[in-house]
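Encoded as structure tokens, the structure appears first; notes follow it.
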Protein chains: 2
Amino acid sequence: MSAAWAGPDRFPVAVDAVLFGVSAGALKVLLIRRGAEPFLGRWALPGGFLRAGETLEQGVVRELAEEAGVRPDPLVQLGAFSAPGRDPRGPVLSVAFMGLVRVEDHVPHADTDAADAAWATMGALPPLAFDHAEVLKAGHERLLALTRSEPVGLNLLPEAFSLGALQALYEAILGRPLDKRNFRRKALASNLLRDTGLTQLGVAHRAARLYRFDAEAFANRGAGIFL
Amino acid sequence: MSAAWAGPDRFPVAVDAVLFGVSAGALKVLLIRRGAEPFLGRWALPGGFLRAGETLEQGVVRELAEEAGVRPDPLVQLGAFSAPGRDPRGPVLSVAFMGLVRVEDHVPHADTDAADAAWATMGALPPLAFDHAEVLKAGHERLLALTRSEPVGLNLLPEAFSLGALQALYEAILGRPLDKRNFRRKALASNLLRDTGLTQLGVAHRAARLYRFDAEAFANRGAGIFL
DNA sequence: CCTGCTTAGTGTCACGGAAACACTAACCCA
DNA sequence: TGGGTTAGTGTTTCCGTGACACTAAGCAGG
């Protein structure tokens with residue numbers, strides 16, 4: 001039978017997501033305010049329970065589509081959390097993911113499980129439900145580590161973008177200023193950017209050249225980083 | 001109640017371990033031969049089902065004590081695996097860990113679930129049950145990554161060891177030769193080794209100085225690496 | 001039309017970590 | 001006493017990283 005068999009203990013499995021976005025030059029995390037017990041009224045990471053027949057990735061993608069209307073890319077697994085007492089209802093395994101989404105793509109709206117949703121600024125976070133503070137910390141560390149090995153964040157930019165915009169994005173993610181010349185040197189040396197031949201229009205200063213991400217070069221050459 | 005509540009679907013949760021060891025100058029993985037369906041007779045990673053009331057770490061430690069009589073250190077989580085069809089019995093979530101143990105500490109012996117146990121050489125592996133080939137690959141990548149950021153493998157050496165032995169260990173783990181002078185320079189520069197004042201005895205060549213790992217320096221200074 | 005504001009765009013130098021490279025020293029044994 | 005085996009030791013080159021300041025271009029406002 002593909003259904004249950006007798007032996008092992010069974011556990012509810014939650015999938016939670018640390019969704020980062022950039023807005024107003026600062027790094028933000030998507031939080032929901034819980035509309036049900038436990039932790040009613042507390043802020044928490046978006047997520048929900050895994051359903052029979054879906055993989056963890058499918059589960060978290062479904063939950064994020066339902067709760068936030070977004071499909072993050074990349075979506076990387078952070079790991080499983082099982083600390084005793086992390087859920088007062090009993091033993092619940094939580095598998096957490098981390099992703100980056102455009103802030104403007106997300107329309108905060110109430111949900112069956114969420115009374116409210118909002119982007120919180122990293123460094124000014126409310127107390128979180130469950131062990132979500134720990135999960136968020138793991139997600140933040142992973143995000144920072146990922147910027148060192150992969151060209152993260154391109155999905156947050158428009159098709160064609162200036163190097164200034166790319167640098168501003170990375171400064172927001174890392175939370176510190178970067179040297180303009182060093183950044184440009186590495187970004188161009190990555191061989192992942194193609195000059196579109198276009199320039200900015202209607203800006204009150206010298207117009208910047210616009211680049212696009214070369215997905216093919218990225219796929220072929222493996223990595224390549226911007227800083 | 002701390003017991004069940006009605007809502008979400010529940011899943012059996014397996015904990016599996018990729019246990020590496022070094023023997024005869026080569027990197028080995030501990031495998032068991034399955035003594036039960038499914039995959040009866042196939043080689044697999046050691047592991048078992050999580051029981052109610054224990055964390056994932058506790059579960060995998062228990063399974064490894066039962067099945068292999070070892071307590072690996074470090075024991076790092078690789079992540080959760082949920083590919084559809086990975087277990088023919090139905091949806092089973094597997095959370096995998098990676099660890100390093102002394103080969104001689106492990107006494108292969110049959111078990112309720114394991115008909116046999118053996119150290120397999122990396123690069124000459126039998127076909128594995130479930131999705132364990134994928135899990136093993138993740139474990140191997142994690143091991144290599146870990147050597148770059150932490151002094152892994154010290155638990156495989158005796159209390160006092162020579163730099164030659166340390167280098168041989170790293171060469172086995174990495175699967176490639178290392179330059180002796182560069183290795184010694186970095187190892188000593190790590191500030192994690194203390195000269196015991198002892199030297200080898202009864203060897204048919206110049207006796208090497210013996211060092212010990214300074215756990216206190218490691219705890220205080222955070223990282224420090226050997227290569 | 002000229003001035004000022006704002007962002008784009010560009011090169012060099014110093015430092016430190018990483019890798020390549022070969023010989024002498026000490027000890028045992030036959 | 002000579003041969004075998006591992007211990008132990010410095011220097012140089014190269015590359016990636018980070019620090020650092022000025023000119024160019026476009027628009028706005030007077």
Side-chain angles (χ1 to χ4, degrees), chain A residues 24-25 144-145 147-151 157-158 160-172 174-212 221-227, chain B residues 24-25 144-145 147-151 157-158 160-172 174-212 221-227:
Chain A
L144 296 183
T147 58
R148 300 240 137 227
S149 64
E150 284 191 60
L157 293 171
F161 52 86
S162 68
L163 290 183
L166 183 62
Q167 181 177 348
L169 173 66
Y170 271 79
E171 288 177 332
L174 298 175
R176 63 187 163 90
L178 299 173
D179 182 86
K180 197 206 293 195
R181 284 167 291 184
N182 293 338
F183 181 82
R184 295 168 83 90
R185 185 194 334 140
K186 282 211 74 172
L188 293 173
S190 76
N191 241 42
L192 299 176
L193 300 182
R194 295 284 164 265
D195 193 333
T196 60
L198 305 173
T199 55
Q200 290 177 323
L201 290 177
V203 288
H205 55 77
R206 177 174 174 177
R209 301 169 85 87
L210 298 179
Y211 294 83
R212 65 178 179 80
R221 311 250 328 272
I225 51 176
F226 293 152
L227 56 147
Chain B
L144 297 183
T147 59
R148 300 241 137 228
S149 63
E150 283 191 59
L157 293 170
F161 52 87
S162 68
L163 290 182
L166 184 62
Q167 182 179 345
L169 173 67
Y170 271 78
E171 289 177 332
L174 298 175
R176 63 186 163 90
L178 299 172
D179 182 84
K180 197 206 293 197
R181 284 167 292 188
N182 293 336
F183 182 82
R184 296 168 83 91
R185 181 181 349 119
K186 282 210 74 172
L188 293 173
S190 76
N191 241 42
L192 298 176
L193 300 182
R194 295 284 164 267
D195 193 333
T196 60
L198 305 173
T199 55
Q200 290 177 323
L201 290 176
V203 288
H205 54 78
R206 175 172 176 179
R209 301 169 85 88
L210 298 178
Y211 294 83
R212 65 179 178 80
R221 311 252 327 271
I225 51 175
F226 293 152
L227 56 147

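All values below come from the heavy atoms of this structure, side chains included, with hydrogens, waters and symmetry mates left out. Numbers restart at 1 for each chain; the letters A, B, ... are given by sequence-line order, proteins then strands.
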Using atom NZ of B/K180 as one end and atom P of D/dT11 as the other, report the distance to the nearest whole Å.
18 Å
Length of the line joining B/L210:CG and D/dT6:P, which is rounded to integer Å:
16 Å
Taken to the nearest whole Å, CD/B/Q200 to P/C/dC28 is 11 Å
Per the side-chain contact (heavy atoms from CB on, under 4.5 Å) rule, which among B/L169, B/T196, B/L166, B/L210 passes with B/F161?
B/L166
Any chance CZ of B/R212 has more than 12 other-residue heavy atoms, nucleotides or ligands included, within less than 6.0 Å?
yes
How close or far is atom C1' of C/dT7 from atom CG of A/L201, stated in whole angstroms?
15 Å
Heavy atoms under 4.0 Å, any strand shown: does B/R184 hit a base, just sugar-phosphate, or nothing?
base
What integer distance in Å separates B/F183:CZ from C/dG17:P?
18 Å
B/Y170 vs B/F183 aromatic rings, parallel, tilted or perpendicular, using cut-offs 30° and 60°?
tilted
Can you see which heavy atom on A/Y211 is nearest to which on A/L188, and at what distance?
CE2-CD2, 3.9 Å
Let me know, please, whether B/N182 or A/R148 comes out on the 5' side of the other along DNA chain D by nearest nucleotide.
B/N182
Which one, D/dA24, D/dA19, D/dG8, comes nearest to the side chain of A/R206?
D/dA24
Whichever of A/D179 and A/A208 has the more 5' nearest nucleotide on DNA chain C, that residue is A/A208
Please state how far atom CZ in B/R176 lies from atom P in C/dA18, giving the value in whole angstrom units.
12 Å
Atom CZ of B/R194: over 12 foreign heavy atoms under 6.0 Å:
yes
B/F226 has an atom CZ; how far is it from atom C1' of C/dA19, in whole Å?
20 Å
Rounded to whole Å, how long is the line connecting atom CG of B/L193 with atom P of D/dG8?
12 Å
Check whether any side-chain nitrogen or oxygen of A/K186 sits under 4.0 Å from OP1 or OP2 of D/dT17, and answer yes or no.
yes
So what does A/R185 hit on the nucleic acid, given a heavy-atom distance under 4.0 Å: a base, only sugar-phosphate, or nothing?
base
Nearest-nucleotide comparison on DNA chain C, the residue closer to the 5′ end among A/H205 and A/L188:
A/H205
Do any side-chain nitrogens or oxygens of B/R181 fall under 4.0 Å of OP1 or OP2 in D/dG10?
no
